[in-house]
Each structure stands twice: as C-alpha cells, then as structure tokens.
Amino acid sequence: MTEPTYAVIGAGPSGLAAARNLQRRGIAWTGYDLADDVGGLWNIDGPRSTVYESAHLISSKRTTEFAEFPMGDEVADYPSHRELLAYFRDFADHFDLRDGFELGTEVLRAEPSDGGWDVTVRSAAGERTVRHAGVVVANGTLSQPSEPTFAGSFDGEVLHTSRYKSASVLDGARVLIIGAGNSGCDIAVDAVHHAASVDISVRRGYYFVPKYLFGKPADTLNQGKPLPPRIKQAIDRRVLRVFTGDPVRFGFPAPDYKIYESHPIVNTLILHHLGHGDIRVRRDVERLDGDGVVFTDGERGDYDVVVLATGYRLHYPFLDPALLDWSGEGSAPDLYLNVFSKQDPGLFVVGMIEATGIGWQGRYEQA
C-alpha cells in the first residue's frame with residue numbers, strides 16, 4: 001500500500017511554493033486546483049481569478065520573484081498578468097510540478113480522520129474522497145469579495161472589483177469607485193479613458209508611492225540593506241513629499257497612520273488625473289439614493305455604476321473554522337507563525353500573510 005501524500009490546495013504562487021518545497025524535501029504530495037492550469041488568480045480566465053486586463057504587479061519583479069527562479073531580463077520591471085501567468089507556468093514546468101496537480105478539481109471538504117486527512121474533491125469524473133497524510137492550504141487571499149452593505153438602494157449597476165475585467169464596461173457611464181486601494185486606483189485610472197465622469201469615495205488618507213524613484217523601481221533602492229522601521233518611515237515620508245507632494249491638496253484626507261502601517265498605493269497616475277480634473281475625490285458613503293449616492297459631508301452625486309473596491313476576505317469553505325481557531329468574517333485564523341494549526345499537526349496554511357516586501361519569496365520561505 002502506498003503512503004498517503006500531502007494535499008496542496010491551490011496552484012497559484014503559494015501552492016507552487018508549497019509543492020516545490022515538499023518536492024525538495026522528498027515528501028510526496030498531490031495538488032488540487034479548480035482552474036485548468038497553474039497560476040492562481042494570475043490566470044485571468046480561471047474561474048476564481050479576480051485580475052483585470054490592466055493588472056500589473058505593484059511591487060517590482062526583483063522584490064517579488066522566487067529567488068531560485070528569477071524572472072528574465074526581457075520581463076518588464078512591473079509585469080502584467082500575462083507575463084506573470086507565463087512565469088508561473090514556466091516555474092511549474094522547470095521543476096516538474098505540473099503533473100503533481102489535479103487541475104479542474106474543486107476541493108469540497110478536508111477533514112482530519114484517524115491520524116490523517118480525508119479530502120473530498122469534485123472533477124469532471126465525479127466526486128471522490130482521497131486519503132492524505134496532511135493538508136497544506138494555499139488557495140490565496142484575493143478571491144472572495146468583501147462587499148459592504150449600505151443604507152438605501154441604487155437604481156444603477158453595483159459591481160465589485162472581483163467581477164471587473166475591462167474598462168469597456170464603463171463606457172459613457174457616470175462612475176463612482178468606493179475605496180482607494182491599489183485596485184480602486186487602477187480602475188479609476190482605467191475609467192478616465194472610457195467613463196463620462198469618475199469619482200472616488202474615500203474614508204481615510206493614503207500614501208502614494210511612485211513605481212520609479214531616481215530611475216529605478218522604488219522598492220529596489222534599499223534592497224538588501226534594511227533600515228530600522230522608524231528611520232525608513234521618516235526618510236521615505238520625506239522622499240514621497242518631494243516626488244508626489246501632499247495628496248491632501250487633491251481632496252484626500254490626511255493619513256492618520258504612519259507610512260507602511262498599511263499598504264501604500266503604488267500608483268501616481270491617479271494623482272496625475274486628479275491634477276487634470278479627470279477624477280474627483282468624494283467623502284465616505286452615507287447612503288445609496290436611487291440614481292445617486294449621498295456622502296457623509298452631505299453632498300450628493302448622480303451615478304450609473306458603483307464599483308466596490310472594498311477588498312477581499314479570507315475564504316476556506318472546505319475546512320471547519322475551528323481547526324484554524326477562526327471565528328470567520330472580519331477576522332483571521334489564529335495560527336502559530338501564521339502557518340501551523342494549533343488544533344491538528346497535519347494542517348498548514350501558506351500565503352495567509354500581507355506585508356510590505358514579502359513577495360512570493362516570503363511565501364516560499366513559509367513553505
């Protein structure tokens with residue numbers, strides 16, 4: 001009888017990192033992914049992908065790539081989703097990982113049983129349960145939309161960024177984007193060239209980081225020579241004032257936190273368009289109002305489309321949340337080192353981290 005393998009759930013960057021490290025240690029594994037190929041969310045045609053046509057990395061390739069498999073010089077500093085999908089497919093082929101994944105296969109349940117794990121999957125061949133030694137959860141953090149509810153009702157279309165693929169859907173529309181994270185700002189810049197008008201609703205301030213400083217990708221300037229956090233925050237805040245000025249002058253609230261205490265916005269094109277009057281900053285939403293929206297400052301705007309750039313929530317529907325010490329909505333699992341379940345020694349999570357500069361190499365090191 002063959003020894004049971006470890007199950008790797010997900011074939012995106014984290015799943016590939018997990019599979020590669022199991023392979024390096026000589027530990028047998030079997031991977032599962034709902035899509036028809038590796039790449040995770042970077043496969044724009046995948047059933048759970050949330051990338052859009054204009055999506056690029058917001059960190060440069062040198063701070064994001066796997067160290068043992070650098071991206072080629074022909075790849076752009078900030079690759080598109082197409083280049084990234086090709087990179088992950090090349091990674092899988094180079095290390096002979098692809099055949100270890102059962103693609104087009106959805107994990108329905110993963111349950112501990114008699115010292116091992118029973119994983120129930122569904123594919124075109126039907127549903128079956130497979131015995132595994134343990135489970136590595138690597139299904140990503142950016143697939144399940146977080147959609148807030150608002151008072152009132154709206155007559156037009158409400159669209160979460162998870163369903164946004166191309167700015168052509170905004171042609172001729174009066175657009176309100178709620179949320180000024182990186183996706184919200186990307187879509188605002190896209191919309192300028194298609195929509196009749198573009199507003200962006202914010203409830204807090206942001207730091208805007210240029211992709212290039214002194215002719216180099218901004219995140220490579222201090223690479224390998226980390227400064228103490230307080231010193232880096234003080235220096236970088238002054239540098240940003242020189243290169244981007246104060247976003248408050250465009251209508252953004254002043255940030256009530258220090259830089260890097262939350263993700264900065266790696267997009268200065270939005271400041272360009274704000275300066276040209278192509279985009280207008282609005283306050284937080286108070287309520288939806290038929291053919292428009294009322295904001296917390298009492299102003300009102302008329303809109304045809306509201307885009308919810310309101311982020312994502314963690315989503316592990318195939319696991320009992322108690323195994324992750326997880327209460328669910330609005331919280332994160334309580335794992336040792338953000339990897340190890342405290343409830344079962346055979347359950348691990350790779351990729352449930354967000355930190356400046358972590359890249360895919362950080363997930364690889366988790367694995």
Side-chain angles (χ1 to χ4, degrees), residues 3-33 40-41 48 59 63-68 97 100-101 107-121 130-144 146 226 228-229 257 260-263 311-367:
E3 288 292 316
T5 66
Y6 278 80
V8 176
I9 301 175
S14 295
L16 291 171
R20 169 60 180 149
N21 278 283
L22 289 167
Q23 178 195 64
R24 289 175 64 230
R25 301 292 181 178
I27 300 171
W29 61 276
T30 300
Y32 302 102
D33 197 285
L41 70 85
R48 299 284 289 171
S59 54
T63 62
T64 311
E65 65 196 0
F66 293 123
E68 68 169 348
L97 301 175
F101 283 96
V107 174
L108 302 177
R109 291 182 302 281
E111 303 165 305
S113 175
D114 297 328
W117 278 75
D118 290 335
V119 177
T120 302
V121 300
V130 185
R131 183 70 170 175
H132 287 283
V135 171
V136 181
V137 178
N139 63 322
T141 60
L142 299 174
S143 65
Q144 188 67 18
S146 176
Y257 55 94
Y260 306 131
E261 289 181 347
S262 180
H263 271 301
Y312 297 86
R313 57 184 176 87
L314 299 177
H315 189 58
Y316 307 114
F318 43 80
L319 283 174
D320 180 349
L323 291 165
L324 300 171
D325 288 306
W326 184 35
S327 62
E329 186 76 29
S331 66
D334 183 14
L335 306 176
Y336 179 65
L337 297 179
N338 291 320
V339 176
F340 303 95
S341 167
K342 300 173 185 178
Q343 302 303 321
D344 191 286
L347 177 61
F348 315 89
V349 178
V350 173
M352 193 198 72
I353 47 172
E354 292 292 339
T356 300
I358 198 76
W360 296 315
Q361 183 60 22
R363 290 155 175 80
Y364 185 99
E365 290 167 10
Q366 273 195 311

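Y312 pairs by the ring pair (Phe, Tyr, Trp, His ring centres under 6.0 Å) definition with H160, not counting sequence neighbours. Every residue two or more places apart in sequence or in another chain was checked for a salt bridge (Lys or Arg N to Asp or Glu O under 4.0 Å) with R24, and none qualifies. Annotation: side chain to side chain donor-acceptor pair (under 3.5 Å) contacts of Q343 (sequence neighbours excluded): D325.
If you take CG on D114 and CG on D118, they are separated by 8.0 Å, rounding to the nearest 0.5 Å.
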Evaluation steps, side-chain contact (heavy atoms from CB on, under 4.5 Å), between W117 and Y6: CA-CA 9 Å; W117 278 75; Y6 278 80; over 6 Å; no
Trace of the side-chain contact (heavy atoms from CB on, under 4.5 Å) decision for K342 with D334: CA-CA 8 Å; K342 300 173 185 178; D334 183 14; 3.0 Å; yes
Residue pair V130, Y32: steps toward the side-chain contact (heavy atoms from CB on, under 4.5 Å) verdict: CA-CA 11 Å; V130 185; Y32 302 102; 3.8 Å; yes
Derivation of the side-chain contact (heavy atoms from CB on, under 4.5 Å) call for V107 and N139: CA-CA 10 Å; V107 174; N139 63 322; over 6 Å; no
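Of all heavy-atom pairs spanning G10 and F101, the tightest one is O-CE2, 3.4 Å. When every heavy atom of R363 is checked against every heavy atom of I353, the shortest pair comes out as NH2-O, 3.0 Å. When all heavy atoms are compared, the tightest approach of S59 to T64 is OG-OG1, 2.5 Å. Closest heavy-atom contact between P112 and D344: CB-OD2, 3.4 Å. Nearest heavy-atom pair, A11 versus L16, reported as atom, atom and distance to 0.1 Å: O-CG, 3.8 Å. Between L335 and S341 the shortest heavy-atom distance is CD2-CA, 3.9 Å.
Under the 4.5 Å side-chain criterion, counting only non-hydrogen atoms from C-beta, L319 is in contact with L347. A 4.5 Å side-chain heavy-atom check between V8 and L22 finds at least one atom pair inside the cut-off. Using a 4.5 Å heavy-atom cutoff, the side chains of R48 and Q144 are in contact. Looking at F318 and I9, their side chains come closer than 4.5 Å, going by heavy atoms from C-beta outward. Between V137 and V349 there is a side-chain heavy-atom pair separated by less than 4.5 Å. Residues W29 and Q23 have side chains in contact (heavy-atom distance under 4.5 Å, counting atoms from C-beta outward).
With H132 contributing its side chain and T5 its backbone, the two residues share a donor-acceptor pair below 3.5 Å. Panel note: side chain S113, backbone G116; no donor-acceptor pair is recorded below 3.5 Å. No donor-acceptor pair closer than 3.5 Å links the side chain of R20 to the backbone N or O of L97. A donor-acceptor pair under 3.5 Å is absent between the side-chain atoms of Q361 and the main chain of T63, judged by distance alone. Put simply, the side chain of T141 never gets that close to the backbone of L314: no donor and acceptor are under 3.5 Å apart.
Relative orientation of the Y364 and F66 rings is tilted, given thresholds of 30° and 60° on the angle between their planes.
Between Y316 and W326, the ring centre distance stays below 6.0 Å.
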